[in-house]
2 protein chains.
Amino acid sequence: MLNERSLSFSHDCEDCPIRHRAVCARCDQAELERLEEIKYYRKFEAGQTVVWSGDRMDFVGSVVSGIATLTQTMEDGRTQMVGLLLPSDFVGRPGRDSAAYDVTATTDLVMCCFRKTPFENMMDQTPHIAQRLLEMTLDELDAAREWMLVLGRKTAREKIASLLSIIARRDASVATRAATHSIVFDLPLTREAMADYLGLTLETVSRQISALRKDGVIALEGKRHVTVPDMGRLLEEAGDDADGGVFA
Amino acid sequence: MLNERSLSFSHDCEDCPIRHRAVCARCDQAELERLEEIKYYRKFEAGQTVVWSGDRMDFVGSVVSGIATLTQTMEDGRTQMVGLLLPSDFVGRPGRDSAAYDVTATTDLVMCCFRKTPFENMMDQTPHIAQRLLEMTLDELDAAREWMLVLGRKTAREKIASLLSIIARRDASVATRAATHSIVFDLPLTREAMADYLGLTLETVSRQISALRKDGVIALEGKRHVTVPDMGRLLEEAGDDADGGVFA
DNA sequence: CGTATGTTTGATGAGTATCAATCTAGGTGG
DNA sequence: CCACCTAGATTGATACTCATCAAACATACG
């Protein structure tokens, strides 16, 4: 069923759901046409690996739908997630020929890929792409630094609240907010993936989620469906400035 | 005395010590001349703040000499270093008008600053600057992600060894290596700054440094001068692949 | 010589990892 | 259709790492 949905988008850049946010956001009509020539779509099922760290990588691309993760692994098996890729996020590094991280689909995933060499050539010729990529990379750097604070200084409870805040902020529909003042969303990650993101064990993740539930900060239906009755409260728990109680 | 040294570089881009590594690395003669018009130097003493997070920032720039840090602080005072700025590193974000982090000089510091608006205009017109900035930002993103693994998954001992490795790798003179097979350098950070970098307390940093000394992984003269007799051993302690024993 | 800043070392406790058992839901095959 | 199986999640008991609180030490500076 998810597969059906994945196929339901157009292959025409004009109608692309990430058209205005991805690396191609600033491209004009002519540039889009050049991109169309070097692009192709790839689909992955939940759990599949997109590339392994160290593998040769002859494409770069954008997440069209679904969620992927970037992870790093030590020899003894300890792993740390270093990036969470949402629709419109960019994968791969122009000028590098092998992957630096493991890239894994955590949900069914559709990617819009560009052959690397032609893409690199285009980057040199069309500033619109390089400009947008710079902007996106700077945003990712800010996100990574934000996450360094979480990893280095926050408690387990604060870490969970921080992760929930981030997901809530981007994932919750505006409609849901307006209606009930509650924010509702589905966790796109297993407890283990959350643990890898937060530098915790999955047991600690589970315990802290239970604790937040007991304390009324969140409500759960099943394992994945989360309701946040008071976003300000959640932000307080995350250790962020919760300022006004408004959901800004 | 350090001040004297700081002044001893030329103000001409041609002779600039970071000419080939900074954001201006790819600029041609004409572009350098345009940059000269909008650039100015600023000096800071060790301990001084360059900008506070949230402050208006009307310049961007490069570290010419000395070391600065980027730090984030929570309301209750917990702080996490999110970047270590070495000569040639870039400060500030084009397109943003306030600082996102506290920037502090940890040694005497000289910066080559560009007025922000003219610099942004130049970026739009000369791809060489934007290209180089993209490359540098991608490198910083990789470094930040590497650091996320350190913060999230490494033990205190491994964290210290990782930090020493990084400093050793960039700071040790080649001469020193060839001669004795030992690597020698000075720590540019206080124990407290190291703790803020590593997500530890300064006491833990002190203890782990003492432990590494007792175990012969490093030797110390005074508090800051470090000798690494066997770089491979240090890399093992850091939890990185130490492969061959060669100092590659 | 005295003060300030940075560092080391010690004693104790909190927070999280680890090991282990149990529970739940979804999917499979009899 | 039900029993079983599996992956994911929860909960419990215990151990260990690192934070916290506290005191002493070192070095530079006035």
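Sequence lines set the chain letters: A, B, ... in the order given, protein chains first and strands last, and positions in each chain run from 1. What you see is a predicted model; the values in this text were computed from it and never measured.
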With no hydrogens and no angle check, do the side chains of B:Ser53 and B:Asp102 hold a donor and an acceptor under 3.5 Å apart? no
Looking at D:dG12, does its base get a donor-acceptor pair with the side chain of A:Arg207 below 3.5 Å? yes
Among C:dT8, C:dA17, D:dC18, find the nucleotide with the atom closest to the side chain of A:Leu200. C:dA17
Counting only side-chain heavy atoms from C-beta out, which of C:dT16, D:dA19, C:dT9 sits nearest to A:Gln208? C:dT16
How is A:Leu202 classified with respect to the nucleic acid when contacts are heavy atoms under 4.0 Å: base, sugar-phosphate, or nothing? base
Would you call B:Asp196 and B:Arg78 a salt bridge, using N to O less than 4.0 angstrom? no
Whole Å only: how far is the CG atom of A:Leu151 from the P atom of C:dT16? 13 Å
Salt-bridge contact A:Arg233-A:Glu237 (side-chain N to carboxylate O under 4.0 Å): yes
Please classify the nucleic acid contact of B:Arg224 as base, sugar-phosphate, or nothing, using heavy-atom distances under 4.0 Å. sugar-phosphate
Expressed as a whole number of angstroms, how long is the span from A:Asp76:CG to C:dA17:P? 15 Å
Hey, can you tell me if B:Tyr40 and B:Phe59 have their rings parallel, tilted or perpendicular (30° and 60° cut-offs)? perpendicular
Determine, for A:Arg157 against A:Asp215, whether the closest basic-nitrogen to carboxylate-oxygen distance falls under 4.0 angstrom. yes
In whole angstrom, what separates A:Ile160's CD1 from D:dT10's P? 10 Å
Check the distance between C:dT8's C1' and B:Arg191's CZ and give it to me in whole angstrom. 9 Å
If each of A:Arg157 and B:Lys223 is mapped to the nucleotide of DNA chain C with the nearest heavy atom, which maps nearer the 5' terminus, i.e. the 5' end? B:Lys223
Counting any heavy atom closer than 4.0 Å, what does A:Ser206 reach on the DNA or RNA strands: base, sugar-phosphate only, or nothing? base
Taking atom C1' of D:dT10 as reference, at what distance in whole Å does atom CG of A:Leu212 sit? 15 Å
Tell me the interatomic distance from A:Glu192, atom CD, to C:dA17, atom C1', rounded to whole angstroms. 15 Å
If you check every side-chain atom of A:Thr190, which of D:dA9, C:dT8, D:dA19 has the closest atom? D:dA9
Both A:Gly222 and B:Gly199 contact DNA chain D. Taking the nearest nucleotide for each, which residue is further toward the 5' end? A:Gly222
Expressed as a whole number of angstroms, how long is the span from B:His225:NE2 to D:dT27:C1'? 17 Å
When you measure from the side chain of A:Thr201, which nucleotide among D:dC18, D:dA26, C:dT18 comes out closest? C:dT18
Closest to the A:Ser210 side chain: D:dT10, C:dT7, C:dA17? D:dT10
In whole angstrom, what separates A:Gln80's CD from C:dA17's P? 12 Å
At less than 3.5 Å, do the side-chain atoms of A:Glu203 and the base atoms of C:dC19 form a donor-acceptor pair? yes
